[in-house]
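Inspection log for the structure reproduced underneath, given as structure tokens.
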Amino acid sequence: MLRFLLLRLFFLCFASSVTNAAQRGYLPFLLHSISKLIWPFAMRISCGARQNVQTRPTTTLWYKDFGYTGGIPANASTTSYITPPLKTLRYFPLSEGPSNCYKINGVPKGHYSVRIFFGLVAQARATNEPLFDISIQGTQIYSLKPGWTTQDDQPFTEARLFLMDRTVSICFHSTGHGDPAILSIEILQIDDKAYYFAPNWSQEIILRTVKRLSCGFGQSKFGVDYGADPKGGDRFWQHIKTFGQDSDRPRSVETRIKKASLPPNFYPETLYRSALVSSSSQPDLSYTLDVDPNRNYSIWLHFAEIDNSVNSIGQRVFDIMINGDVAFRDVDIVKLSGDRYTALVLNTTVTVNGRSLIITLRPKEGSLATITAIEILEVIMPESKTLSDEVMALQTLKRALGLPPRFGWNGDPCVPQQHPWTGVDCQLDKSSGNWVIDGLGLDNQGLKGFLPKDISRLHNLQILNLSGNSIGGAIPSSLGTVITLEVLDLSYNIFNGSIPDSLGQLMKLKRLNLNGNLLSGMVPATLGGRLLHRASFNFTDNKGLCGIPGLPACGPHLSAGAKIGIGLGASFAFLLLITCSVCWWKRRQNIIRAQQIAARAAPYAKKRTHFSRDIQMTRHNNYGNSHTAAENGPILLGG
């Protein structure tokens, strides 16, 4: 009881930490730190959920929804009993764009099983069965087929791949048949050598689960229900009791099976305690599966000798054929596994040109044929990605122009090839092995904003058409470094300023349309000269442009440096004029103030003048009769 309480307390604290980290944007860093302590790494997302969820009876933890580029959360309606018991989903109407993604950061480098469950929006009409495509890391792995909502084993798709850049991008692409609706996403780490199937196996290969069968007695189960090692990736095993009426019979035991749950695949031991055995009336044991044509499939066949009547080598020998060709001869389970009640796994890869995959076990000696389980995985070669520098340039352009969600610029611009970004043309660069952008057409889309200088990072661009929008600001001079440019159409926008001289460096430019803007100044001479080389340029409907035939004549042409010098000189002269005016005005005010003071003091000055004169006259008159002060006594001045 104490152990249970401690475990529950740990999960509650962990869930609380995850919630806080998600709210603050630290979840990828938290998960990366935890991954160093816990292996295998596991992340489960309940799409549309606003808080973490634990599902019964396994108390599996599902993180609340995050990492999405768009979409709308809604209540979920599930289509199968194997679907996780979650109550919400996220769906992506076409108004949110033709492609939407989940981008999950902080995923440690390694080998992963990625599983996506689909759902239906609650209360939606039963006929609204969405059909859409799914890609992981830019490679399309699955297309939903009509009728998936009625098949218990088809509410999900699953792929095994290596994630080496700490990020996983899972995208959903509309095909015009309903809105993609995603119930959950699981990212489960598995052994790096899991499903190593051939000498040419590499970390680039993707394996998509087509079918996984558990034969004989039992029920359909996930690995967790089998009590399997989580390093196996919690695989779903669909139970099949018979391959056909009266063609076989099930058999099971409770005996312990040796060599079952071993690396790198970690198959559950319980899987090998049940099997199908062919009948005497139909000795061949045959299974048929409808598949997509012209694909490669990795086939894993599981066996364990659990029949008490088979005690030694040579008592059960059979051949295994795939689509009529012998894949394995003289299969003797006891001989190959080393003993009875011991797991044996055989693997081969085949190319299927038709629409059927037929696995046949044909007895040769002794007892009838038997099989325990079957796995069929499609081998998918990943798409080459778009050059990261060009992806960043388009993302900058997306922000600068404020592209609305309907464009669906999410994921990789060029892949999957079936779903490139709207208005983007791509070509494969053979030298680098990456996709590059060679065309960008966003004309007449009602766009605003400005053209960023990072547009020059599209080094392979041949056509740029942004005509018929409301894009403003200056034409970036960096466009002149895109030397591959052949067509530049910026007509009927609101670009202003002068035409950059650098456009004259575009020696491959065949058509330049700048008409219908607010451009001014002289058309660069380097562009005017190009008109003689059969280039088609249009500069009309720009009232401020001049300098070539068809436009008004210009005055003396000034370089950019001269224009700057004139501007600085004019500014200095204006400041000097203001300074002199202020000084003159202050001096004038001082003069006026002095005159006013003098005028007010004039009467007093006149009296002082008369008084001084009287004193002088008196002294003059007494000059001849001067006496000493002692003789005359003091002189009294009266008023």
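Applying the salt bridge (Lys or Arg N to Asp or Glu O under 4.0 Å) rule to pairs touching residues 325-337 yields Asp330-Lys364, sequence neighbours excluded. Pairs of residues two or more places apart, or lying in two chains, that qualify as salt bridge (Lys or Arg N to Asp or Glu O under 4.0 Å) and include a residue from residues 275-290 are Asp284-Arg362. Within the structure, salt bridge (Lys or Arg N to Asp or Glu O under 4.0 Å) contacts touching residues 421-430 (residues at least two apart or in different chains) do not occur. The ring pair (Phe, Tyr, Trp, His ring centres under 6.0 Å) pairs that include a residue from residues 301-348 are Trp237-His302, Tyr267-His302, Tyr272-His302, Phe303-Phe318, where partners are two or more places apart or lie in different chains.
Summarising the geometry, atom OG1 belonging to Thr255 is positioned 8.5 Å from atom CD1 belonging to Ile306; distances are rounded to the nearest 0.5 Å. If you take CD1 on Ile333 and CD on Gln315, they are separated by 12.0 Å, rounding to the nearest 0.5 Å.
The closest side-chain heavy-atom distance from Leu207 to Ile205 is below 4.5 Å. Side-chain contact between Tyr68 and Ile185: absent, with no pair of heavy atoms (C-beta onward) separated by less than 4.5 Å. Taking 4.5 Å as the limit, every side-chain heavy atom of Val334 sits out of range of all side-chain heavy atoms of Ser312. With a 4.5 Å cut-off on side-chain heavy atoms, Ile134 and Leu144 count as touching. Within the 4.5 Å cutoff, the side chain of Arg166 has no heavy atoms near those of the Asn105 side chain. Counting heavy atoms from C-beta outward, Pro130 and Pro180 have side chains that stay 4.5 Å or more apart. With a 4.5 Å cut-off on side-chain heavy atoms, Phe407 and Gln445 count as touching. Side chains of Phe162 and Asp192 form a contact here, defined as non-hydrogen atoms less than 4.5 Å apart.
Residues satisfying the salt bridge (charged side-chain N to carboxylate O under 4.0 Å, His left out) test with Glu269, not counting sequence neighbours, are Arg256, Arg273. Annotation: salt bridge (charged side-chain N to carboxylate O under 4.0 Å, His left out) contacts of Asp389 (sequence neighbours excluded): Arg457. With sequence neighbours excluded, no residue forms a side-chain contact (heavy atoms from CB on, under 4.5 Å) with Pro405. Residues that satisfy the salt bridge (charged side-chain N to carboxylate O under 4.0 Å, His left out) test with Arg316, not counting sequence neighbours, are Glu305, Asp307. With sequence neighbours excluded, the residues forming a side-chain contact (heavy atoms from CB on, under 4.5 Å) with Leu428 are Ser384, Trp435, listed by chain and number.
No hydrogens or angles considered: nothing links the side chains of Ser99 and Asn410 as a donor-acceptor pair under 3.5 Å.
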Solution key, residues 221-230 side-chain donor-acceptor pairs under 3.5 Å, sequence neighbours excluded:
| from | atom 1 | to | atom 2 | distance (Å) |
| --- | --- | --- | --- | --- |
| Asp225 | OD2 | Phe222 | N | 3.1 |
| Tyr226 | OH | Ser214 | OG | 3.4 |
| Asp229 | OD1 | Lys231 | N | 2.9 |

N/O donor-acceptor pairs under 3.5 Å from side chains in residues 345-357, not counting sequence neighbours:
| from | atom 1 | to | atom 2 | distance (Å) |
| --- | --- | --- | --- | --- |
| Asn347 | ND2 | Ser298 | OG | 3.1 |
| Asn347 | ND2 | Ile299 | O | 3.0 |
| Thr351 | OG1 | Asn296 | OD1 | 2.5 |

Can you give each donor-acceptor pair under 3.5 Å made by side-chain atoms of residues 106-122, sequence neighbours left out, with the distance rounded to 0.1 Å?
| from | atom 1 | to | atom 2 | distance (Å) |
| --- | --- | --- | --- | --- |
| His111 | ND1 | Asp191 | O | 2.8 |
| Tyr112 | OH | Pro108 | O | 2.7 |
| Arg115 | NE | Glu186 | OE2 | 2.9 |
| Arg115 | NH1 | Glu158 | OE2 | 3.2 |
| Arg115 | NH1 | Asp234 | O | 2.8 |
| Arg115 | NH2 | Glu186 | OE1 | 3.3 |
| Arg115 | NH2 | Glu186 | OE2 | 3.4 |
| Arg115 | NH2 | Asp234 | O | 3.2 |
| Arg115 | NH2 | Asp234 | OD2 | 3.4 |

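Figure legend: cation-pi geometry between Arg208 and Tyr142 absent, as NZ or CZ is not positioned both under 6.0 Å from the six-membered ring centre and within 45° of its axis.
Checking Glu383, Glu204, Met381, Lys385 one by one against Thr139, the side chain to side chain contact (heavy atoms under 4.5 Å, CB included) holds for a single residue, Glu383. For the side chain to side chain contact (heavy atoms under 4.5 Å, CB included) with Ile141, the lone residue among Ile380, Ile170, Asp133 that qualifies is Ile380.
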